[in-house]
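To keep things clear, I will list the structure first and then write my remarks on it.
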Amino acid sequence: EFEEARKWVANDLVFDKNVDVNLFESTIRILGGLLSTYHLSGDSLFLEKAKDIGNRLMPAFKTPSKIPYSDVNIGRGTAHPPRWTSDSTVAEVTSIQLEFRELSRLTGDEKFQKAVDEVMKQVHTLSGKNDGLVPMFINTNSGQFTHLGVYTLGARADSYYEYLLKQWIQGGKKENELLEDYMRAIEGVKKHLLQRSQPKQLTFVGELAHGHFSAKMDHLVCFLPGTLALGAHNGLTADHMKLAEALIETCYEMYAQVETGLSPEIVHFNLHAQKGHKDVEIKPADRHNLLRPETVESLFYMYRFTGDKKYQDWGWEILQNFNKYTRVSTGGYTSINNVQNPSNPEPRDKMESFFLGETLKYMFLLFSDDIDLINLDKYVFNTEAHPLPIWVPA
Ligand code: DMJ
């Protein structure tokens, strides 16, 4: 299968096309995938392709502030923000660094790293943070945060936090500003976003909007226990591991408390005990499941670092439910519209590439006891589960 895929990359993967692509999605999926494949196979074809797409994405950084636009035309070499705004998403502009930094290291051309380091440098000093927590938007003209006052670890902010830690690890734990920003942010999470639900006292990460706490948690937030555990493994405080243990249980309950045993996209936690109510409530607009990876990703890290078999059991349970409710008899899996209806989960006929790239890969790693199957002291996973080498391995 690898040979077949290689042939496709060699003959059919052509980037000289008049199409608009999203900078972040193309970086984490395409550039990240090619760099990772280059490292795992040693085949220079993948590095050549990585260089090609990397160069074609660079026009995104030509903005008044050097904060990149969200979209690039990879054939024409032009870039632009979405039609309705000149803002970019904070998570998007701060989660392309692992890939561009690695591309510079491999090619010896520093322009890739310079462009993404500049973004981190600016974000480090920006005002508008709340104890290390960042807003969700940043303006490409002014370079300032916009839509201030809303803080989440979910959509539009999530991987900012993940990449602070992972860049610090990638670079050999020398870049102190990254670590400072990460540690401050986790303190911010503890101070503003952590609460416990009823009746099971589950620790969850909510959201803050203009001083008002909301007990809403995106499934996306379930990357956090894995990231906290990775930090603790790299010498950060044992408190982070304690928090990781509490949060992964919550993420598991987001599956276990639902009729299909699959998590919805978003849950709301009950803050007050009510007879007959579980911790997790689901609004009709939020009851879809896109085959997302975050919980199994965190289960993988938790199992690697603790050896506690319950994490494998939880992952196995989730896999059984994916097989039961999302598997397509003619091949593949699909997103579903309704995790609350086991008799008709309403298949969507759509499988995101992250189901193969991340969800199944993390399952595979979770069920293995071989720590050298991507050793976490030698590799760091990008946010699309593509392993990249740590520059100075432990
Ligand atoms: C993936 O593209 C990445 O994991 C990203 O960080 C978040 N969204 C999807 C998976 O849910």
Side-chain angles (χ1 to χ4, degrees), residues 9 13-17 19-81 88-124 138 140 143 159-160 162-172 174-175 177-178 379-392:
V9 171
L13 183 60
V14 176
F15 296 125
D16 188 12
K17 283 191 177 151
V19 287
D20 278 346
V21 302
N22 175 283
L23 168 69
F24 162 73
E25 298 292 358
S26 308
T27 300
I28 64 171
R29 300 187 195 214
I30 305 171
L31 177 57
L34 288 167
L35 289 172
S36 193
T37 310
Y38 168 66
H39 279 293
L40 297 176
S41 67
D43 184 335
S44 61
L45 165 73
F46 298 101
L47 182 55
E48 288 310 312
K49 291 284 178 185
K51 251 191 269 178
D52 187 14
I53 186 67
N55 274 310
R56 288 172 187 278
L57 293 173
M58 286 305 282
F61 295 91
K62 277 194 216 131
T63 71
S65 65
K66 300 189 179 160
I67 300 298
Y69 290 133
S70 59
D71 297 282
V72 199
N73 186 304
I74 50 172
R76 290 199 178 144
T78 53
H80 59 88
S88 285
T89 293
V90 170
E92 292 195 359
V93 302
T94 57
S95 312
I96 49 181
Q97 279 66 16
L98 290 177
E99 299 80 357
F100 278 93
R101 283 157 48 115
E102 178 60 6
L103 187 58
S104 274
R105 199 183 65 102
L106 288 173
T107 59
D109 185 343
E110 61 183 17
K111 73 176 177 214
F112 304 110
Q113 169 146 15
K114 264 194 164 162
V116 293
D117 280 354
E118 170 68 21
V119 178
M120 294 315 292
K121 207 175 92 202
Q122 289 192 35
V123 170
H124 177 68
I138 187 164
T140 51
S159 43
Y160 161 72
E162 178 186 343
Y163 268 36
L164 287 175
L165 179 76
K166 289 183 172 178
Q167 286 178 80
W168 178 71
I169 293 172
Q170 177 190 45
K174 290 195 285 255
E175 296 153 287
E177 289 187 351
L178 294 166
Y379 290 95
V380 61
F381 283 98
N382 87 337
T383 194
E384 199 71 11
H386 300 303
L388 296 173
I390 292 172
W391 295 344
V392 192

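Quick caveat, the model's predicted, so the values are computed rather than measured.
The closest donor-acceptor contact from the side chain of Arg101 to the backbone of Gln167 lies under 3.5 Å. Within the 3.5 Å criterion, the main-chain N or O of Leu98 finds a donor-acceptor partner in the side chain of Gln170. Of the possible donor and acceptor atoms, none in the side chain of Thr140 sits under 3.5 Å from a partner among the backbone N and O of Ile67.
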Step-by-step side chain to side chain contact (heavy atoms under 4.5 Å, CB included) determination, Leu31 to Ile96: CA-CA 9 Å; Leu31 177 57; Ile96 49 181; over 6 Å; no
Derivation of the side chain to side chain donor-acceptor pair (under 3.5 Å) call for Ser95 and Ser159: CA-CA 6 Å; Ser95 312; Ser159 43; 2.8 Å; yes
Thr94/Tyr163 under side chain to side chain contact (heavy atoms under 4.5 Å, CB included): CA gap, chis, key distance, verdict: CA-CA 7 Å; Thr94 57; Tyr163 268 36; 5.9 Å; no
Intermediate values then yes/no, side chain to side chain contact (heavy atoms under 4.5 Å, CB included), Lys166 and Phe381: CA-CA 8 Å; Lys166 289 183 172 178; Phe381 283 98; 4.3 Å; yes
Stepwise side chain to side chain contact (heavy atoms under 4.5 Å, CB included) test for Thr383 and Phe24: CA-CA 10 Å; Thr383 194; Phe24 162 73; 4.3 Å; yes
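More than 12 heavy atoms of other residues, nucleotides or ligands lie within 6.0 Å of NZ in Lys111, so this atom counts as buried by the packing criterion.
Closest heavy-atom contact between His386 and Gly33: CD2-N, 3.5 Å. Shown here for Glu99 and Ile28, the closest heavy-atom pair between the two residues is OE2-CG2, 3.7 Å. Closest approach of Leu388 and Ser36 over heavy atoms only: CD2-N, 4.1 Å. In terms of heavy-atom proximity, Phe46 sits nearest to Leu34 at CB-O, 3.5 Å. Smallest separation of non-hydrogen atoms from Ala115 and Met58: CB-CE, 3.9 Å. Of all heavy-atom pairs between Asn22 and Asp71, the closest is CA-OD1, 3.9 Å.
Inter-residue side-chain proximity for Val392 and Lys174 is flagged as met; some heavy-atom pair is nearer than 4.5 Å. Taking 4.5 Å as the limit, every side-chain heavy atom of Met120 sits out of range of all side-chain heavy atoms of Glu177. Contact annotation: the side chain of Pro387 approaches that of Leu40 to within less than 4.5 Å [non-hydrogen atoms, C-beta and beyond]. Phe15 places none of its side-chain heavy atoms less than 4.5 Å from the side chain of Leu57. Contact annotation: the side chain of Ser26 never approaches that of Arg56 to less than 4.5 Å [non-hydrogen atoms, C-beta and beyond].
Residue Asp52 holds its CG atom at 8.5 Å from CG of Leu13, rounded to the nearest 0.5 Å. Taking OG1 of Thr89 as the start and CD1 of Ile138 as the end, the distance is 10.5 Å to the nearest 0.5 Å. Note that NZ of Lys51 and CG of Leu103 are 8.5 Å apart. Values are rounded to the nearest 0.5 Å. For the atom pair NE2 of His39 and OG1 of Thr37, the computed distance is 10.0 Å after rounding to the nearest 0.5 Å. The CD1 atom of Ile390 sits 11.0 Å away from atom CD of Glu102, with the distance rounded to the nearest 0.5 Å.
Take Lys62 and apply the salt bridge (Lys or Arg N to Asp or Glu O under 4.0 Å) test, not counting sequence neighbours, and it matches no residue. Legend: residues meeting ring-ring contact (aromatic ring centres under 6.0 Å, His included) with Phe100, ordered by chain and number and at least two apart, are Phe61. Listed by chain and number, the residues in a salt bridge (Lys or Arg N to Asp or Glu O under 4.0 Å) with Arg29 are Glu25, Glu352, Glu384 (sequence neighbours excluded).
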